[in-house]
K.L.:
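Below are the structure tokens for one structure; questions will follow.
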Amino acid sequence: MTRYESAKEIYAKLGVDTDAAIEKCMQIPVSLHCWQGDDVTGFDHDGPLTGGIQTTGNYPGKARTPEELLADMDKAMSLMPGKKKINVHACYAIFEDGEFVDRDKLEPKHFQKWVDFAKERGMGLDFNPTFFSHPMVKDGLTLSSPDEEVRKFWIEHGKACIRISQYFAEQTGIPCVMNIWIGDGFKDVPADRMGPRVRYKESIDAILAEPFDTNLVKPCVESKVFGIGVEAYTVGSAEFSLSYAAMNKDKCLPLMDNGHYHPTEVVSDKIPALLTFFPEIALHVTRPIRWDSDHVVLFDDETKEIAQEIVRCEGGIERTYIALDYFDASINRISAWVTGFRSFQKALLNALCTPSAMLKELQDTNQMSKKMVMMEECKTLPIGDIWEEYCNRCGVAAEGWFDDVAKYEEEVLSKRA
Ligand code: RNT
Ligand code: ZN
């Protein structure tokens, strides 16, 4: 009997069909962020990363050009089981020789290489306007700035991104999630908290007034509790972003990043709350350590719990757009990419192999002692054996893949001066 056959029997006794779980897991798209490959730098500017986010570390070999980034992404994806989408930020526009256009003038053609890359691999594309790392961020503000010129520039950027998202969806035949996140905020206690929020609201209204097909483009607003340098106040707070999405449900989704809440709050608990009201929601899966540190996603408790909620909520799999969002510059970036993606795949597979119907029944019939016992038992089920089979069926290595990364580092990354 193989490891898989034996594990399959153990799960079957609990009413779990592991073959069905494996099949299902292969169908759930997870969006892979391009920005892990080069520390959120992009190709359209030389300046520093701003907006209250920061990468730390100086591990050698980061991608410096579109060619290098795409090659690294390909290498990383070859080691990840499961269905992928590719998440592109606007600052990753790829210009032809000598050409440059500013963010307010971006066109679909500036992302043609991304479209070709995704299409050749049968993948969908997601998109993000880049409201940071740019000279038009004035006094730390973009869409909420009191300066009309500044707001106008960024509104034009947002509209351009809607058009690009529509193009992505048309080209790939897969809906494009377009996430709006701004780092706007203040380091210290503001004298006016509402003004910036009213301006931000009006700016998003103006962006979403750009025509688009709501079946193809899924605009989101991502909330945040604080950023580096904007510790006292962020314009796009949780209440602001959730309210915006709720009031504009016909064309906007809420996006929760699990690094963007107070440390004892958990996004896993917020998923069912939002799915009670919103037809669709979006997630950034990350790993905060003490703050929004964007560490590589691991197969840890909250990651597992997020996957559990996606899987056990009514229609949760179809109604939740999952994306990853982390950036670690202190370790091999491809290894970081792969570890995070595989961790979330593991969490999804683990959730799909949980006897949720049985556990729910125990809860609904108030058999809480047995529910606790069974939930604890589930923690030591042989998920590793199912994972190995899942990787095999996906055609990627279940173990030993780091050797591949090490070889790539030696042959490719280490040659980048
Ligand atoms: C920042 C947000 C945002 C970014 C990306 C690069 O705190 O999480 O999603 O990480 O847009
Ligand atoms: Zn995020």
Side-chain angles (χ1 to χ4, degrees), residues 30-45 47-56 69 85-93 103 125-134 137 140 142-143 154 157-158 161 164-165 176-185 218-231 233-238 240-242 245 253-263 265 267 270 281-297 302-303 306 320-329 333 336-337 340 344:
V30 175
S31 198
L32 184 68
H33 54 314
C34 71
W35 52 93
Q36 162 57 44
D38 73 340
D39 313 339
V40 208
T41 306
F43 309 127
D44 75 342
H45 65 279
L49 174 62
T50 67
I53 55 177
Q54 196 163 44
T55 52
T56 52
L69 186 70
K85 280 182 100 180
I86 294 172
N87 209 354
V88 182
H89 237 290
C91 60
Y92 289 79
R103 300 225 182 123
L125 283 165
D126 293 325
F127 199 49
N128 307 261
T130 309
F131 297 105
F132 53 83
S133 304
H134 191 281
V137 179
T142 62
L143 292 174
W154 291 111
H157 176 53
C161 288
I164 294 161
S165 299
C176 173
V177 175
M178 191 198 95
N179 179 43
I180 296 174
W181 171 73
I182 60 169
D184 294 30
K218 307 283 176 179
C220 309
V221 182
E222 177 181 11
S223 70
K224 192 157 178 177
V225 63
F226 87 99
I228 299 175
V230 291
E231 289 87 357
Y233 164 92
T234 56
V235 182
S237 62
F240 174 92
S241 307
L242 195 52
L253 279 55
L255 186 145
M256 296 189 291
D257 177 312
N258 62 305
H260 292 189
Y261 296 87
H262 292 285
E265 286 184 86
V267 161
K270 299 174 193 294
I281 64 168
L283 298 178
H284 272 184
V285 181
T286 188
R287 179 166 54 108
I289 295 195
R290 310 195 192 285
W291 66 288
D292 181 36
S293 59
D294 288 293
H295 279 65
V296 175
V297 172
E302 174 58 2
T303 305
I306 286 173
T320 308
Y321 294 97
I322 308 165
L324 303 177
D325 183 15
Y326 51 83
F327 23 96
D328 192 334
R333 292 172 186 80
W337 240 332
F344 202 68

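Every number for a ligand or one of its atoms is a count from 1 in the order of the listing. These values consider heavy atoms only, across backbone and side chains, with no hydrogens, waters or symmetry-generated copies.
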K.L.:
Between the protein and ligand 1, are there any N or O atom pairs that come within less than 3.5 Å of each other, and if so, what are their names and distances?
P.N.:
{"residue": "ligand 1", "atom": "7 (O)", "partner": "Lys224", "partner atom": "NZ", "Å": "2.7"}
{"residue": "ligand 1", "atom": "7 (O)", "partner": "His260", "partner atom": "NE2", "Å": "2.9"}
{"residue": "ligand 1", "atom": "7 (O)", "partner": "Asp292", "partner atom": "OD2", "Å": "3.3"}
{"residue": "ligand 1", "atom": "8 (O)", "partner": "Glu222", "partner atom": "OE2", "Å": "3.0"}
{"residue": "ligand 1", "atom": "8 (O)", "partner": "Asp257", "partner atom": "OD2", "Å": "3.0"}
{"residue": "ligand 1", "atom": "8 (O)", "partner": "His260", "partner atom": "NE2", "Å": "3.1"}
{"residue": "ligand 1", "atom": "8 (O)", "partner": "Asp325", "partner atom": "OD2", "Å": "2.8"}
{"residue": "ligand 1", "atom": "9 (O)", "partner": "Glu222", "partner atom": "OE1", "Å": "2.7"}
{"residue": "ligand 1", "atom": "9 (O)", "partner": "Glu222", "partner atom": "OE2", "Å": "3.2"}
{"residue": "ligand 1", "atom": "9 (O)", "partner": "His284", "partner atom": "ND1", "Å": "3.1"}
{"residue": "ligand 1", "atom": "9 (O)", "partner": "Asp325", "partner atom": "OD2", "Å": "3.0"}
{"residue": "ligand 1", "atom": "10 (O)", "partner": "Asp325", "partner atom": "OD1", "Å": "3.1"}
{"residue": "ligand 1", "atom": "10 (O)", "partner": "Asp325", "partner atom": "OD2", "Å": "2.8"}
{"residue": "ligand 1", "atom": "11 (O)", "partner": "His89", "partner atom": "NE2", "Å": "2.7"}

K.L.:
Could you measure the distance from the CG atom of Asp38 to the CZ atom of Phe43? Nearest 0.5 Å is fine.
P.N.:
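It is 6.0 Å, given to the nearest 0.5 Å.
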K.L.:
Determine, step by step, whether Glu222 and Asp325 satisfy the side chain to side chain contact (heavy atoms under 4.5 Å, CB included) criterion, reporting the C-alpha distance in whole Å, the side-chain angles of both residues, the deciding distance to 0.1 Å, and the verdict.
P.N.:
CA-CA 12 Å; Glu222 177 181 11; Asp325 183 15; 4.3 Å; yes
K.L.:
Only one of Leu283, Leu255, Leu253 clears side chain to side chain contact (heavy atoms under 4.5 Å, CB included) with Tyr321; which?
P.N.:
Leu253
K.L.:
How far apart are the C-alpha atoms of Trp154 and Ile182, what are their side-chain angles, what is the distance that settles it, and do they pass the side chain to side chain contact (heavy atoms under 4.5 Å, CB included) test?
P.N.:
CA-CA 10 Å; Trp154 291 111; Ile182 60 169; over 6 Å; no
K.L.:
Counting only N and O atoms by type, is there a donor-acceptor contact under 3.5 Å from the side chain of Glu302 to the main-chain atoms of Arg287?
P.N.:
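Looks like no, no N/O pair under 3.5 Å.
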K.L.:
Closer than 2.8 Å to the Zn ion (ligand 2), which protein N, O or S atoms?
P.N.:
Glu222 OE2, Asp257 OD2, His284 ND1, Asp325 OD2
K.L.:
Looking at the rings of Trp35 and Tyr92, which for Trp means the six-membered one, are their centres under 6.0 Å apart?
P.N.:
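Distance test on ring centres: not under 6.0 Å, no.
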K.L.:
Would you give the length of the straight line joining atom NZ of Lys85 to atom CG of Leu324, rounded to the nearest 0.5 angstrom?
P.N.:
12.5 Å
K.L.:
Hydrogens and angles aside, do His89 and Thr130 bring a side-chain donor and acceptor to less than 3.5 Å of each other?
P.N.:
yes
K.L.:
Answer yes if the side chains of Thr142 and Asp184 hold a donor-acceptor pair under 3.5 Å, and no otherwise.
P.N.:
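Short answer, yes.
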